[in-house]
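The first residue in the sequence is number 1, and the count goes up from there.
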Amino acid sequence: QVQLVESGGGLVQAGGSLSLSCAASGRTFSSSAMGWFRQAPGKEREFVATINWNGDSTYYLNSVKGRFAISRDNAKNTVYLQMNSLKPEDTAVYFCAATNQRATTSRATAYDYWGQGAQVTVSS
């Protein structure tokens, strides 16, 4: 079992930066790929970024490449999402997720554990 708790987020003006953290409990964190997803009002949940079990492989949604960075610290059981040059269209609830596989994946169905979500609002 893995439990995930997101923190960070909030309100920022367009062009600004925010950072999300996801603290995980459970013995399998260091062997699990992790992901960030988001869901805007009235829209389906979409993939944002993923990182493999040891942090040497990442993959991003095209629209966030070069602006967002996912990282992890296995010693702290934490995964991060640094978001720069934020745009109003980045406004959403952001979810951290853990999968039982080691490799990166953008498929939501591959993730077994989900956090409660953190609100990110970008004003224009």
**Prompt:** With under 30° as parallel and over 60° as perpendicular, where do the rings of Y59 and F47 fit, or are they tilted in between?
**Reply:** parallel
**Complete:** Tightest non-hydrogen contact, residues S17 and Q82, listed as CB-NE2, 3.9 Å
**Prompt:** With distance as the sole test, does N54 use its side chain to make a donor-acceptor pair with the main-chain N or O of R102 at under 3.5 Å?
**Reply:** no
**Criterion side chain to side chain contact (heavy atoms under 4.5 Å, CB included) against F68, the qualifying member of L61, N84, D90, L20** = D90
**Message:** With a 4.5 Å cut-off on side-chain heavy atoms, are F29 and N74 touching?
**Reply:** yes
**Prompt:** Hey, what do you get for CZ (F37) to OH (Y94), rounding to the nearest 0.5 Å?
**Reply:** 13.0 Å
**Asked** Any side-chain heavy atom of T105 within less than 4.5 Å of one from Y111?
**Response** yes
**Request:** Provide the closest heavy-atom pair for V120 versus G9 in the form atom of the first, atom of the second, distance.
**Result:** CG2-CA, 4.0 Å
**Message:** Quick one: does any side-chain atom of R67 pair with a main-chain N or O of S85 as donor and acceptor, under 3.5 Å?
**Reply:** yes
**Prompt:** Would you say the side chain of W36 lies within less than 4.5 Å of the side chain of M83, judging by non-hydrogen atoms?
**Reply:** no
**Value rounded to 0.5 Å, distance of CG in N77 from SG in C22** = 10.0 Å
**Request:** Check for a donor-acceptor pair, side chain of T99 on one end and backbone N or O of A33 on the other, with a separation under 3.5 Å.
**Result:** no
**Prompt:** Is the backbone N or O of T91 less than 3.5 Å from a side-chain atom of T121, with the two atoms forming a donor-acceptor pair by type?
**Reply:** no
**Message:** I'd like to know if the side chain of N52 reaches the main chain of G55, judged simply by a donor and an acceptor atom lying under 3.5 Å from each other, with no hydrogens or angles considered.
**Reply:** yes
**Asked** Rounded to the nearest 0.5 Å, what separation is found between the CD atom of Q13 and the OG atom of S124?
**Response** 9.0 Å
**Request:** Could you grab the distance from atom CD of E89 to atom OG of S63, nearest 0.5 Å is fine?
**Result:** 8.0 Å
**Prompt:** Can you tell me if CD on E46 sees more than 12 non-hydrogen neighbours from other groups inside 6.0 Å?
**Reply:** yes
**Prompt:** With a cut-off of 6.0 Å (strictly less than), are more than 12 heavy atoms of other residues, nucleotides or ligands near NZ of K65?
**Reply:** yes
**Message:** Just so I know, are the side chains of S21 and Y80 near enough to count as touching, which here means a heavy-atom distance under 4.5 Å?
**Reply:** yes
**Asked** Are side-chain heavy atoms of L81 and R38 found at a separation under 4.5 Å?
**Response** no
**Request:** Examine distances only and state if a side-chain atom of E6 and a backbone atom of Q116 form a donor-acceptor pair shorter than 3.5 Å.
**Result:** yes
**Item:** Name of the residue among T104, I70, V48 meeting side chain to side chain contact (heavy atoms under 4.5 Å, CB included) with Y60
**Value:** I70
**Spacing of CH2 belonging to W114 relative to SG belonging to C96, to within rounding of 0.5 Å** = 9.0 Å
**Residue pair A98 / V2: nearest heavy atoms and the distance that separates them** = CB-CG1, 4.3 Å
